[in-house]
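Note sheet for the following structure.
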2 protein chains.
Amino acid sequence: MKKTVLVFGLLIIALLILFQLSKFSVLSGDLKIETIIAIIALVFFFIGVFIHKKSILNKPVAIHTIDKHKIEELEITTREYEVLKHISEGLSNKEIGEKLFVSESTIKTHVSNLLIKLNAKRRTEAVNIAKQLQII
Amino acid sequence: MKKTVLVFGLLIIALLILFQLSKFSVLSGDLKIETIIAIIALVFFFIGVFIHKKSILNKPVAIHTIDKHKIEELEITTREYEVLKHISEGLSNKEIGEKLFVSESTIKTHVSNLLIKLNAKRRTEAVNIAKQLQII
DNA sequence: AAAAAGCTCATACTAAAGTACCAAATGCCT
DNA sequence: AGGCATTTGGTACTTTAGTATGAGCTTTTT
């Protein structure tokens, strides 16, 4: 954060200098107006790129968009989806049951249905497939 | 791709117009040179941001850097790491054994060691922890 | 050379996970 | 009201997963 402030400060100073320089140059006729504008344009273009790059790096970048349409397509119910998410968190059937206040039997039923709908043999495979389908 | 070319073309045309306008304005004294420069700067700043955004979207964006240092820190061996990756792919112990040409017993040993080193109770939890630690 | 680390594998367990059925309660739709 | 999907949960069973322990073998380290 300190770094960002520093960078911005330096940029502003540099720009002020550029402004003054350009003004002076035009008045004295040393440089054409096109040249000045080209330089300014280039500098700000790269500043734009730089700033955006920084802002990207600070964000976690959620390219992780869940495909709700796919969930419906697979006919995964609300409850099953909840179970699926808890499986991906590494919980056991018993633990999931406790979290959702239902018996382990119920979770087993949900898991079995999930495996069929996701065409998986195991819960680990189900998680893998679900991630590839971008539904979790 | 066609879209990109179109956008670029329009941008170049817009800039040429800006150039001519600025030249004329300065000569006719309608606008101050600072104003022109400010406008140019702003426009190119956003162009920079826009272009960078586009270039990011086209890339797969591999923010997925595996922390090799962490793997060593946890004292996870080469073989154990191979097993870990296969677990995350959703394979069973038997299947992993077949892939690595060793017995299921061996895989079980590796898995048990992995669970201890990753402080996990189950393979699903191990995968989850490994992903959080960015080692897979 | 001896010790340590890594990989291998086996046996004998216990504990989860998963399958196959069946069945009941609830809520929703038309 | 009757049908349908969802959720719940039970029993009984098979299959994986995971633990504990011991042991042989190879490579690296001391």
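As a basis for the values below, the full set of heavy atoms in this structure was taken, side chains included, without hydrogen atoms, waters or symmetry mates. We name chains A, B, ... by the order of the sequence lines, and we start the count at 1 in each one.
Across its full length, the helix from C:dA1-D:dT30 to C:dT30-D:dA1 shows an angle of 50° between the axes of its 5 terminal pairs at either end, rounded to 10 degrees.
Listed by chain and residue number, B:His52 satisfy the ring-ring contact (aromatic ring centres under 6.0 Å, His included) test with A:His52 (two or more places apart in sequence, or in another chain). With sequence neighbours excluded, the residues that form a side-chain contact (heavy atoms from CB on, under 4.5 Å) with B:Thr109 are B:Asn113. Under the rule for a side-chain contact (heavy atoms from CB on, under 4.5 Å), the partners of B:Ser92 that lie at least two apart in sequence or sit in another chain are A:Arg122, B:Lys94, B:Glu95. With sequence neighbours excluded, no residue satisfies side chain to side chain donor-acceptor pair (under 3.5 Å) with A:Glu125. Applying the side chain to side chain donor-acceptor pair (under 3.5 Å) test to B:Glu82 and every residue at least two apart in sequence or in another chain returns B:Arg79. Under the rule for a side-chain contact (heavy atoms from CB on, under 4.5 Å), the partners of A:Ile66 that lie at least two apart in sequence or sit in another chain are A:His64, A:Lys68, A:Tyr81. Judged as a side-chain contact (heavy atoms from CB on, under 4.5 Å), and not counting sequence neighbours, A:Ile116 has no contacts.
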Fill in the blank from the handout: Each nucleotide of nucleotides 4-13 of chain C classed B (base within 4.0 Å of a protein heavy atom), S (only sugar-phosphate) or -, in 5' to 3' order, makes --SSBBBB--

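Scanning residues 86-98 of chain A for heavy-atom distances under 4.0 Å to DNA chain D yields an empty list. Residues of residues 122-132 of chain B having a heavy atom closer than 4.0 Å to DNA chain C, listed by number: B:Arg122.
The only member of A:Ile71, A:Ile136, A:Val111, A:Ile96 that meets side chain to side chain contact (heavy atoms under 4.5 Å, CB included) when paired with A:Leu84 is A:Ile136.
First and last contacting nucleotides of DNA chain D toward chain A (any atom under 4.0 angstrom from a heavy atom, 5' to 3' order): D:dT6 to D:dA17.
Atom NZ of A:Lys131 has more than 12 heavy atoms from other residues, nucleotides or ligands within 6.0 Å.
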